[in-house]
2 protein chains.
Amino acid sequence: MKACAHRPEDGPGAAFLLAALGAHAAGQFAERITALNLTPPQTGLLRAIAATPGQSQQAMAQLLGTPPSRLVGLVDALAARGLVERRRNAADRRLHALHLTADGCEILKRIAAVGQAHDDAICGSLDASERAQLRTLLARIADDHGLTPGVHPGYRRL
Amino acid sequence: MKACAHRPEDGPGAAFLLAALGAHAAGQFAERITALNLTPPQTGLLRAIAATPGQSQQAMAQLLGTPPSRLVGLVDALAARGLVERRRNAADRRLHALHLTADGCEILKRIAAVGQAHDDAICGSLDASERAQLRTLLARIADDHGLTPGVHPGYRRL
DNA sequence: TATTGTTATACTCTATAACTATA
DNA sequence: TATAGTTATAGAGTATAACAATA
């Protein structure tokens with residue numbers, strides 16, 4: 001006898017599966033990019049700079065949904081490795097435009113390769129059609145909820 | 001001109017969408033259960049105890065994939081609110097079997113209601129058939145990766 | 001001596017707010 | 001005075017390892 005009476009359950013809903021699988025996928029990805037000596041936030045920042053280069057740190061912080069102070073450490077680490085550079089605006093010397101260096105572009109390609117392998121590992125049990133189906137459904141939900149494309153919302157609390 | 005040459009991109013892959021949406025869904029759920037004065041880990045523990053009552057803390061820790069020491073605080077908080085109780089095993093007094101109280105069963109129903117509302121909010125842009133499709137695909141991936149059904153893997157690092 | 005649960009400690013990550021420099 | 005970036009501080013959450021009770 002169960003201690004609690006349960007209503008008819010057909011397992012967890014889609015939202016729970018989404019959260020659980022999302023955490024799993026994020027963890028796996030984090031493990032993979034360790035090979036490039038990158039953390040997920042650093043990776044996200046590199047991709048964001050590649051997508052819209054020349055932004056100030058404030059603008060980038062707003063785009064990623066993080067306090068500007070957090071960007072400092074991330075940019076510092078990437079700049080120290082020569083992947084990113086701050087270019088001072090001559091007109092307004094307060095602004096630091098963010099750009100990828102040549103090495104930054106190079107590592108971005110490797111990130112893409114890791115992402116591809118990761119995607120294959122996660123979706124391995126799906127055929128091409130199912131995978132496209134899944135991507136379509138997920139993209140619809142993401143759009144419906146106003147998620148910024150290409151930006152992991154985990155910046156807000158991860 | 002872009003600073004970096006990009007290969008033909010058709011947006012983020014399914015795995016990235018999964019991670020991003022998963023984080024979003026988890027955050028939304030965390031906000032919702034604030035109404036019950038519960039955190040996500042507490043909620044997960046309540047559901048786990050309901051699913052398999054009478055387990056020792058060690059067994060529960062292994063099931064959830066967390067160090068046993070972490071359970072102490074979680075159980076303490078829930079026990080202090082009268083939602084959970086530790087029943088000492090008479091035969092082996094080291095063991096503390098975990099059970100839900102009547103209030104614990106009660107709040108579990110409210111958690112289910114919150115979960116239902118959450119599921120509707122997340123999947124609002126999908127019709128019933130699409131939602132079932134999504135759940136099927138996600139369940140397949142989860143199974144393929146050996147995720148324990150009903151357990152959020154975030155216990156391992158969240 | 002081995003095991004359950006607990007406590008103590010330290011570490012990682014993040015946000016908030018104070019501070020510097022430029023405007 | 002207002003804004004961009006930085007630094008300092010503190011808080012939440014977690015893991016590791018030492019500890020006490022029971023076997």
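Quantities reported herein were computed from a predicted structural model and do not represent experimental measurements. Convention: sequence-line order gives letters A, B, ...; per-chain numbering from 1.
- Positionally, the nearest nucleotide of DNA chain D for A/D92 lies more toward the 5' end than for the other of A/S69 and A/D92.
- Residue B/R93 places no side-chain atom within donor-acceptor reach of the base of D/dT22, judged by atom type and a 3.5 Å distance cut-off alone.
- The line from CZ of A/R47 to CD of A/Q42 is 14.5 Å long, rounded to the nearest 0.5 Å.
- Distances were taken from every side-chain heavy atom of A/H96 (C-beta onward) to each of C/dA15, D/dG5, C/dT6; the shortest belongs to D/dG5.
- Regarding A/R86, its CZ atom lies at a distance of 16 Å from the P atom of C/dA21, rounded to whole Å.
- Contacts of A/Q58 with the nucleic acid, taken as non-hydrogen atoms under 4.0 Å apart, include base atoms.
- Rounded to an integer number of Å, the gap from CZ of B/R70 to P of C/dG5 is 17 Å.
- Look at CG on A/L71: it is 9 Å from P on D/dG5, rounded to the nearest Å.
- Residue-level contact check: A/S56 touches the backbone only, with heavy atoms under 4.0 Å from sugar-phosphate atoms and none from bases.
- Each of B/V75 and A/P67 was assigned the nucleotide of DNA chain C with the nearest heavy atom; the assignment lying further toward the 5' end belongs to B/V75.
- In this structure, B/L138 CG and B/D143 CG are separated by 12.5 Å, a value rounded to the nearest 0.5 Å.
- Atom-to-atom, CG of B/L95 to P of C/dA2 comes out at 18 Å; the value is rounded to the nearest Å.
- Protein atom CG of B/L64 is 16 Å distant from nucleotide atom C1' of D/dA15, rounded to whole Å.
- Regarding A/Q62, its CD atom lies at a distance of 13 Å from the P atom of D/dT3, rounded to whole Å.
- Counting only heavy atoms from C-beta outward, the side chains of B/M60 and B/L45 approach each other to under 4.5 Å.
- In this structure, A/R135 forms no cation-pi arrangement with B/F16, as its terminal cationic atom is not both closer than 6.0 Å to the ring centre and no more than 45° off the ring axis.
- Side-chain contact between B/V84 and B/T101: absent, with no pair of heavy atoms (C-beta onward) separated by less than 4.5 Å.
- For the pair A/R94 CZ and D/dA2 C1', the interatomic distance rounds to 7 Å; values are reported in whole Å.
- We find that CG of B/D76 is positioned 6 Å from P of C/dT6, with the value rounded to whole Å.
- Residue contacts shown for A/A91 are limited to sugar-phosphate atoms, with no base heavy atom under 4.0 Å away.
- Counting any heavy atom pair closer than 4.0 Å across all strands shown, A/A61 reaches no nucleic acid atom.
- Residue B/R88 has a polar side-chain atom (N or O) positioned under 4.0 Å from OP1 or OP2 of D/dT22.
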